[in-house]
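Computed over heavy atoms, backbone and side chain alike; hydrogens, waters and symmetry mates excluded.
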Amino acid sequence: QVQLVESGGGLVQTGGSLRLSCAASGRTFGAYAMGWFRQAPGKEREFVATISWSSRSTDYPGSVKGRFTISRDNAKNTVYLQMNSLKPEDTAVYYCAARANRAPSSLRYEYQYWGQGTQVTVSA
């Protein structure tokens with residue numbers, strides 16, 4: 001069982017930056033690939049970033065590639081999402097997710113554990 005708690009959301013102006021954190025419980029954090037997803041009002045939850053257990057492999061959709069960076073610290077049981085050059089269309093609730101597999105994935109249904117989400121609002 002893994003419990004995830006996100007933090008770091010907030011209100012930021014267009015072009016600004018935020019760093020989200022996700023703290024995970026459990027002693028086997030290193031056995032999980034991690035991901036970030038987001039959901040805007042009236043839209044489906046969409047993939048934002050994923051990272052393998054070793055940090056050697058990451059993946060992003062085109063909408064955030066070059067602006068967002070996912071990283072993890074297995075010693076601290078924490079995964080991060082650095083978001084730069086934020087745009088109003090990045091406004092959403094951001095969710096951290098854990099997958100009981102060391103390989104990263106962009107598929108929502110492959111993640112077994114989810115955090116409660118943190119709101120990110122980018123003003124125009």
Could you check Arg67 against Asp90 for side chain to side chain contact (heavy atoms under 4.5 Å, CB included), going step by step and ending with a plain yes or no?
CA-CA 11 Å; Arg67 300 189 298 122; Asp90 295 318; 2.8 Å; yes
Is any side-chain heavy atom of Glu89 closer than 4.5 Å to one of Val122?
no
Consider only side-chain N and O atoms of Thr69 and Gln82, and report whether a donor and an acceptor are under 3.5 Å apart.
no
Enter the distance from Ser54:OG to Arg72:CZ here, rounded to the nearest 0.5 Å.
8.0 Å
Is it true that the side chains of Thr50 and Asp59 contain a donor and an acceptor less than 3.5 Å apart?
no
Indicate the ring-plane relationship of Trp114 and Tyr95, choosing parallel, tilted or perpendicular according to the 30° and 60° boundaries.
perpendicular
Is a side-chain N or O of Glu6 found less than 3.5 angstrom from the main chain of Gly117, in a donor-acceptor match?
yes
Is there side-chain contact between Tyr32 and Asn101, with at least one heavy-atom pair below 4.5 Å?
no
Show your working on side chain to side chain contact (heavy atoms under 4.5 Å, CB included) between Leu20 and Thr118 and close with a plain yes or no.
CA-CA 8 Å; Leu20 305 184; Thr118 185; 4.1 Å; yes
Could you walk me through whether Leu81 and Val79 pass side chain to side chain contact (heavy atoms under 4.5 Å, CB included), step by step?
CA-CA 7 Å; Leu81 184 68; Val79 63; over 6 Å; no
Supply the atom-to-atom distance Leu18 CG to Met83 CE, rounded to the nearest 0.5 angstrom.
4.5 Å
Non-hydrogen side-chain atoms of Tyr111 and Met34 separated by less than 4.5 Å:
no
What distance separates Ile51 CD1 from Ser57 OG, expressed to the nearest 0.5 Å?
8.5 Å
